[in-house]
Protein chains: 2
Amino acid sequence: MGITKTDKFTKQQNEIANLAKAFSHPARVAILEHLLNVNTCINGDLVKEIGLAQATISQHLKELKNLELIQGNISGTSVCYCINPIKWTEVNIIFNEFIGKLKMNNCC
Amino acid sequence: MGITKTDKFTKQQNEIANLAKAFSHPARVAILEHLLNVNTCINGDLVKEIGLAQATISQHLKELKNLELIQGNISGTSVCYCINPIKWTEVNIIFNEFIGKLKMNNCC
DNA sequence: AATATTAATCGTAATATTGCAATATAACAA
DNA sequence: TTGTTATATTGCAATATTACGATTAATATT
């Protein structure tokens, strides 16, 4: 049915899933990696860098912004994007908690 | 068009996106968390634990198995699932590299 | 052999995602 | 004001995902 039954899961499980969804498209990974490397950039830079249409990049930026993973500040005619360091640190902790939780591994 | 342009991105970016996709549904997060907690379990356990239909859980398990995040061993009439510790360790490294890459944060 | 248990697969419906052309909006420059 | 540049939004088509009932396959149990 294409609809996730959010109510069956814990808040934390839904949060991990939502964050992971942000990382689940290579264009968004590329945008985030670029921002991590160059600190700040504008939409036009990413269009050149990644090679998708302007509208597409804009949409991906919007999703990242909605999750507060990045922030955009108006700077003349363009918008300057950067990682939101506070959120990013939170995400780092959340993923470390989740993925780092492997203890024993006596498989069946 | 609903089709991701994989060729525009690096192998690493596509890999992160694929792994993140595995984590991008709360049912799969729940399955993985449960396996991390109890070490091993069978499909039926997860159906009870999570409350989705057997076919649905089975499908999610298949996706996790395709990415080699988990492994399933036949044991009588049931299949015993567990985390694949080797892959899991790899994933831990990959996500640490990606998310842990924040250095300065002089935003715009 | 007949029946029960367990899980995978198939088929289908509902919904979500991806990508882009076209258009709209906003800020500046001449 | 007019034109230019930069970005966002809208609308749509193509594709992917999610969920589950029904069926199938395989092994146990009686």
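Lettering follows sequence order; numbering is per chain, from 1.
When rounded to the nearest whole Å, the span between CG of B/L67 and P of D/dT17 equals 11 Å. Straight-line distance from the CG atom of A/D7 to the P atom of D/dA19: 10 Å, rounded to whole Å. The nearest whole Å value for the distance from the CG atom in B/N73 to the P atom in C/dA8 is 12 Å. In this structure, the CG atom of A/N66 is 12 Å from the P atom of D/dA8, given to the nearest Å. Nucleotide D/dT5 holds its P atom 12 Å from the NZ atom of A/K48, rounded to whole Å. The CD atom of A/E63 sits 9 Å away from the C1' atom of C/dT18 (whole-angstrom rounding). In this structure, the CD1 atom of B/I42 is 14 Å from the C1' atom of D/dA28, given to the nearest Å.
Residues A/E33 and B/I16 meet the side-chain proximity criterion, which asks for heavy atoms closer than 4.5 Å. Put simply, the side chain of A/N14 does not reach to within 4.5 Å of the side chain of A/T10, judged on heavy atoms.
Ring geometry, A/H25 versus A/H60: the interplanar angle falls from 30° to 60°, so the pair is classed tilted.
For the pair A/S78 and B/S75, both in contact range of DNA chain D, the more 5′-proximal nearest nucleotide belongs to A/S78. Comparing A/K8 and A/V79 by the nucleotide of DNA chain D that holds the closest heavy atom to each, the one mapping nearer the 5' end is A/V79.
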Tabulate below the donor-acceptor pairs under 3.5 Å that side-chain atoms of residues 74-90 of chain A make, not counting sequence neighbours, or state none.
residue : atom : partner : partner atom : Å
A/S78   : OG   : A/S75   : O            : 3.4
A/N84   : OD1  : A/I86   : N            : 3.1
A/N84   : OD1  : A/K87   : N            : 3.3
A/N84   : ND2  : A/E68   : O            : 3.1
A/W88   : NE1  : B/I99   : O            : 2.6
A/T89   : OG1  : A/P85   : O            : 2.7

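Between A/K65 and D/dA8 there is a side-chain polar atom (N or O) within less than 4.0 angstrom of OP1 or OP2. Distances shown here put a side-chain N or O of B/Y81 below 4.0 Å from the OP1 or OP2 atom of C/dA8.
In the displayed structure, A/K101 atom NZ is contacted under 6.0 Å by more than 12 heavy atoms of other residues, nucleotides or ligands.
The stretch residues 49-62 of chain B touches DNA chain C through B/Q54, B/A55, B/S58, B/K62, each having a heavy atom within less than 4.0 Å of the strand. Looking at residues 11-37 of chain A, you'll see that no heavy atom sits under 4.0 Å from any atom of DNA chain D.
With hydrogens and angles ignored, the 3.5 Å screen pairs a side-chain donor or acceptor of A/K8 with a backbone N or O of B/G51. Looking only at distances, a side-chain donor or acceptor of B/R28 sits under 3.5 Å from a matching main-chain atom of B/K21.
Residues B/F95 and A/F98 place their aromatic rings such that the two centres sit no closer than 6.0 Å.
Of the nucleotides present, C/dA1 is the one that pairs with D/dT30 by Watson-Crick or G-U wobble criteria, both distances under 3.5 Å.
Smallest separation of non-hydrogen atoms from A/F9 and B/A27: CE2-CA, 3.3 Å.
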